Amino acid sequence: MRAALQSLPRGAGLVRLVALVLSVFGLAAGLRAQQPALEEGRSRFCAIDIYVDAGATPLAAYQLEFTATNGMAKIAGIEGGAHAAFHEPPFYDPKAMQHERVILAAFSTAAADKLPVGKVRVATVHLQITGDSPPQFQIKLQTAGDANGNKIPAQASFEERKQQ
Amino acid sequence: MQTPDNHQQPSDEALEAPPKLVSALRQLPRERFFVPPTLDEAMLRAARRTLCKPERAEFKWFHLVPLAAAVAVAICLLAPAYQAVRRSASKPNREPVWAKGDINHDGRVDILDAFALARQLQSGAKPGPETDVNGDGVVDERDVAAIAARAVKLGQGGHS
């Protein structure tokens with residue numbers, strides 16, 4: 001383009017200036033047009049708190065399956081829960097990392113009076129979210145047990161941790 | 001198709017014995033032969049045996065003796081085998097075979113099995129050799145971890 005401008009007559013300085021300004025704007029517009037493509041590769045991280053509620057029965061063991069259902073989230077990390085009985089990270093298959101599905105399980109051999117009752121956070125799953133659409137999750141409790149190892153009824157749930 | 005007329009039968013009026021035959025018959029002795037009655041009866045019995053249908057054999061109890069003997073021999077031979085089969089059938093079922101790591105015998109390996117083994121170890125009980133899940137000859141915390149790892153293992157057909 002520069003060569004083309006230099007080939008213009010000398011008196012056309014104003015024209016050259018206008019052409020230069022237009023080319024600068026065009027370049028800027030081109031960069032702006034490429035911006036969405038770059039945004040597609042952007043990702044964010046979020047933490048999902050996993051809860052198990054066994055009611056009044058002290059919870060000694062649990063096993064649950066957590067799945068990101070719409071393919072927008074990959075598991076990036078797993079940490080333990082809030083209560084001392086489940087403070088250590090739960091058991092999980094390392095192959096679940098960078099995938100959408102994981103089975104979490106943990107137990108505590110502590111005495112019944114040192115086990116949590118009611119709704120308790122047992123683990124936290126850290127996820128890498130890609131894309132703008134919100135991720136969707138599913139949780140399914142596979143089993144839960146009391147201090148004697150007996151199966152007990154319980155509910156599993158999750159909540160996305162608020163960004164601080 | 002008509003046959004030629006060469007074999008025409010002579011009529012009854014034309015029947016006449018040859019003269020030689022007539023003279024020979026006239027020379028035969030005229031007195032009657034004596035047939036003994038025993039011979040006559042023997043011939044009659046022979047004729048009856050040949051011509052009459054055989055009568056149905058009469059049922060006799062001793063006809064069953066060979067059959068009864070055969071049945072008795074068969075029973076003697078088969079009784080031990082039958083007893084053996086019956087004994088094996090009446091024996092209580094063998095101990096059910098549980099999957100390795102199914103400590104609480106609920107038919108599946110999950111975290112409750114790891115928990116059960118951990119409680120046994122914690123209480124000081126001596127778990128059986130079937131709880132040696134990792135096969136290192138010792139039942140310890142590593143077997144608990146092995147059961148837990150099996151419980152959370154993702155299936156082949158899963159998403160991961």
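Heavy atoms only: backbone and side chains are in, while hydrogens, waters and symmetry mates are out. What you see is a predicted model; the values in this text were computed from it and never measured. Residue numbers begin at 1 in each chain, while the letters A, B, ... track the order of the sequences.
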Identify whether A:Ile139 and A:Phe86 are in the same connected component of the hydrophobic contact network (ILVMFWY, side-chain heavy atoms under 4.5 Å). yes

For the CD atom on A:Glu88, are there more than 12 heavy atoms of other groups (residues, nucleotides or ligands in this structure) within a distance under 6.0 Å? no

To the nearest 0.5 Å, tell me how far B:Ile147 CD1 sits from A:Phe91 CZ. 10.0 Å

How close do B:Leu112 and A:Ala61 get, heavy atom to heavy atom, and via which atoms? CD2-CB, 3.8 Å

Rounded to the nearest 0.5 angstrom, the CG-NZ distance for B:Asn104 and A:Lys151 is 7.0 Å

Donor-acceptor contact below 3.5 Å, side chain A:Gln63 vs main chain B:Asp110: no

Can you confirm whether more than 12 heavy atoms, excluding those of A:His87, are under 6.0 Å from its NE2 atom? no

With a 4.5 Å cut-off on side-chain heavy atoms, are B:Phe115 and A:Thr109 touching? yes

Closer than 3.5 angstrom, by distance alone: can the side chain of B:Arg119 be matched with the main-chain N or O of A:Asn148 as a donor-acceptor pair? yes

Would you say CE of A:Met97 has more than 12 non-hydrogen atoms from neighbouring residues, nucleotides or ligands within 6.0 angstrom? yes

If two hydrophobic side chains count as joined below 4.5 Å and joins carry through other members, does A:Val117 share a cluster with A:Val120? no

Quick check on the hydrophobic clustering: are A:Phe66 and A:Ile129 connected, directly or via other members, by side-chain heavy-atom contacts under 4.5 Å? yes

Option from A:Leu104, A:Ile103, A:Val102 for which side chain to side chain contact (heavy atoms under 4.5 Å, CB included) with B:Val152 holds: A:Ile103

Report yes or no: do B:Ile103 and B:Leu121 belong to one cluster of Ile/Leu/Val/Met/Phe/Trp/Tyr joined by side chain heavy-atom distances under 4.5 Å? yes

Would you give the length of the straight line joining atom CG of B:Asp106 to atom CG of A:Asn150, rounded to the nearest 0.5 angstrom? 11.0 Å

When the 4.5 angstrom heavy-atom criterion is applied to B:Ala151 and chain A, the contacting part is both

A:Gln98, part contacting chain B, at a heavy-atom distance under 4.5 Å: neither

Counting only heavy atoms from other residues, nucleotides and ligands, does the tally under 6.0 Å from CZ of B:Arg108 exceed 12? yes

Going through the checks in order, is the side chain to side chain contact (heavy atoms under 4.5 Å, CB included) test met by B:Val144 and A:Phe107? CA-CA 11 Å; B:Val144 176; A:Phe107 66 83; 3.5 Å; yes

